[in-house]
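The block underneath contains the structure these notes are about, expressed in structure tokens.
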Amino acid sequence: MKHLKAITFDLDDTLWDNHGVMARTEEGHYRWLLEALEAWRAARKEPALALSQESGREDYLQRRQQWAKEVPERRGDFTWLRLRALEAQLEAAGLPRSAALMWAAAAMNEFHRLRVLVTPHPEAAGLLAALAERYQLAAITNGNIHLARQPLAAYFPVAIAAGELLAPKPDPASFLTALSRLKVAPECAMHVGDSWQEDILPAQQLGMHAVWIAETGDQTLPPRVHRIAHIKELPQLLESLEKRHSGGVYNH
């Protein structure tokens with residue numbers, strides 16, 4: 001077994017709880033759009049568009065799903081899907097194309113402002129700071145958070161937005177891209193994530209070590225895979241692995 005040189009991390013539901021922020025972002029950016037559009041059209045003495053929060057968001061979702069079917073190579077690029085869906089919805093509601101493009105872009109800017117307001121687990125920053133002294137770190141995410149706006153970005157000189165590569169996890173391309181930028185072989189790297197299908201299996205199949213964050217699970221784990229309940233348990237796991245493999249296999 002090779003020395004461990006790099007650790008790659010999933011972001012959503014690994015370094016923070018993503019459910020609450022996505023719910024707020026989903027509702028909040030669309031509410032902002034409707035309110036801003038209503039004020040804009042009122043100032044121009046134009047009638048309000050026939051869009052409501054509930055029915056409008058449902059139509060928005062259906063349009064995203066339709067774009068994903070029609071352009072399957074973009075299925076993991078959630079920002080692109082949202083932008084195209086909003087543009088189409090606003091045009092269908094009666095806006096000229098130029099205005100639809102402008103307001104869709106403005107709504108996505110609000111989306112990203114809200115999307116980045118995640119609260120990392122209290123242990124995350126200290127944990128990453130300590131690990132960065134011993135390993136190269138990278139982020140690999142299917143999400144569309146603008147990581148550069150998040151304080152934890154400082155710990156990830158390599159950050160892969162898998163959807164923007166047109167190869168969302170579990171496609172191995174995002175893992176291989178990260179490993180290439182880190183200049184590390186798969187057997188010298190570990191991936192940490194919460195999704196069995198999108199994080200653990202593809203990493204393990206490439207020959208990486210993998211740490212599955214799951215509160216419960218009693219199945220037999222394949223080689224090189226370990227399970228912890230929370231990211232705060234990662235240092236203890238690494239220490240245990242170091243002791244288990246004499247000669248500091250997991251050390252530089």
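Computed from a predicted structure; not experimentally measured.
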Practice item. Look at the side chain of Asn142 and the backbone N and O of Lys169, then say whether any donor-acceptor pair between them is shorter than 3.5 Å. Key: yes

Exercise for review: Of all the heavy-atom pairs spanning Ala107 and Leu86, show the shortest one and how long it is.
Suggested key: CB-CD1, 3.8 Å

**Study point:** Centroid separation His3 to Tyr135 less than 6.0 Å
**Key:** no

Practice item. Return the minimal non-hydrogen interatomic distance between Met208 and Thr8, and the atom names on each side. Key: CE-OG1, 3.7 Å

Review point. Taking the six-membered ring of Tyr60 as reference, does the NZ or CZ atom of Arg64 fall below 6.0 Å from its centre and within a 45° cone about the axis?
Key: yes

Review point. Among the clusters formed by ILVMFWY side chains lying less than 4.5 Å apart, do Val158 and Leu4 turn up in the same one?
Key: no

Review point. Which heavy atom in Asp10 sits nearest to a heavy atom in Asp199, and how many Å separate them?
Key: CB-OD1, 3.6 Å

Check your understanding: Less than 4.5 Å apart, any side-chain heavy atom of Tyr155 and any of Phe9?
Key -> no

Check your understanding: Which other residues belong to the hydrophobic cluster containing Trp212, where Ile, Leu, Val, Met, Phe, Trp and Tyr are joined when side-chain heavy atoms lie under 4.5 Å apart, directly or via other members?
Key -> Trp196, Ile200, Leu201, Leu221, Val225

Point to revise | Exercise: do Gln62 and Gln66 side chains pair donor with acceptor under 3.5 Å | key: no

Check your understanding: Which atoms form the tightest heavy-atom contact between Arg24 and Leu117, and what is the distance?
Key -> NH2-O, 4.3 Å

Check your understanding: Taking a hydrophobic cluster as the set of Ile, Leu, Val, Met, Phe, Trp and Tyr residues connected by side-chain heavy atoms closer than 4.5 Å, whether directly or through intermediates, do Leu90 and Leu101 fall within one such cluster?
Key -> no

Practice item. Could you give me the CA-CA distance, side-chain angles and deciding distance for Ser52 and Ser55, then say whether side chain to side chain donor-acceptor pair (under 3.5 Å) is met? Key: CA-CA 6 Å; Ser52 69; Ser55 62; 2.5 Å; yes

Review point. Is Glu46 paired with Arg41 through a side-chain N to carboxylate O contact shorter than 4.0 Å?
Key: yes

Check your understanding: Under the 6.0 Å and 45° cation-pi test, does Arg63 pair with Trp67?
Key -> no

Review point. Any idea which heavy atoms bring Ile7 and Leu238 closest together, and the distance?
Key: CD1-CD1, 4.1 Å

Point to revise | NZ/NE/NH1/NH2 to OD/OE distance under 4.0 Å, Asp77 and Arg82 | key: no

Check your understanding: Is it the case that more than 12 heavy atoms not belonging to Gln236 sit under 6.0 Å from its CD atom?
Key -> no

Check your understanding: Near Glu70 CD, under 6.0 Å, is it more than 12 heavy atoms from other residues, nucleotides or ligands?
Key -> yes

Practice item. Look up atom CE in Met108 and atom CZ in Arg84, then write down how far apart they are to the nearest 0.5 Å. Key: 10.0 Å

Check your understanding: Is there a side-chain contact between Trp40 and Met102, using heavy atoms and a 4.5 Å cut-off?
Key -> yes

Review point. Side chains of Pro168 and Arg75: does their closest heavy-atom pair fall under 4.5 Å?
Key: yes

**Study point:** Partner of Gln53 under side chain to side chain donor-acceptor pair (under 3.5 Å), chosen from Arg31, Glu27, Glu58
**Key:** Glu27

Check your understanding: Is it true that Met190 and Leu152 fall in one hydrophobic cluster, defined by side-chain heavy atoms closer than 4.5 Å?
Key -> yes

Review point. Between His230 and His121, does the ring centroid distance fall short of 6.0 Å?
Key: yes

Check your understanding: Is Leu51 reachable from Leu61 through a run of hydrophobic residues whose side-chain heavy atoms are each under 4.5 Å from the next?
Key -> no

Practice item. Mind listing the closest non-hydrogen atom pair of Leu81 and Ala68 along with its distance? Key: CD2-N, 3.7 Å

Review point. Are Leu206 and Gln204 side-chain neighbours, meaning at least one heavy-atom pair lies under 4.5 Å?
Key: no

Review point. Roughly how far, to the nearest 0.5 Å, is the CD1 atom of Ile140 from the CG atom of Leu176?
Key: 9.0 Å

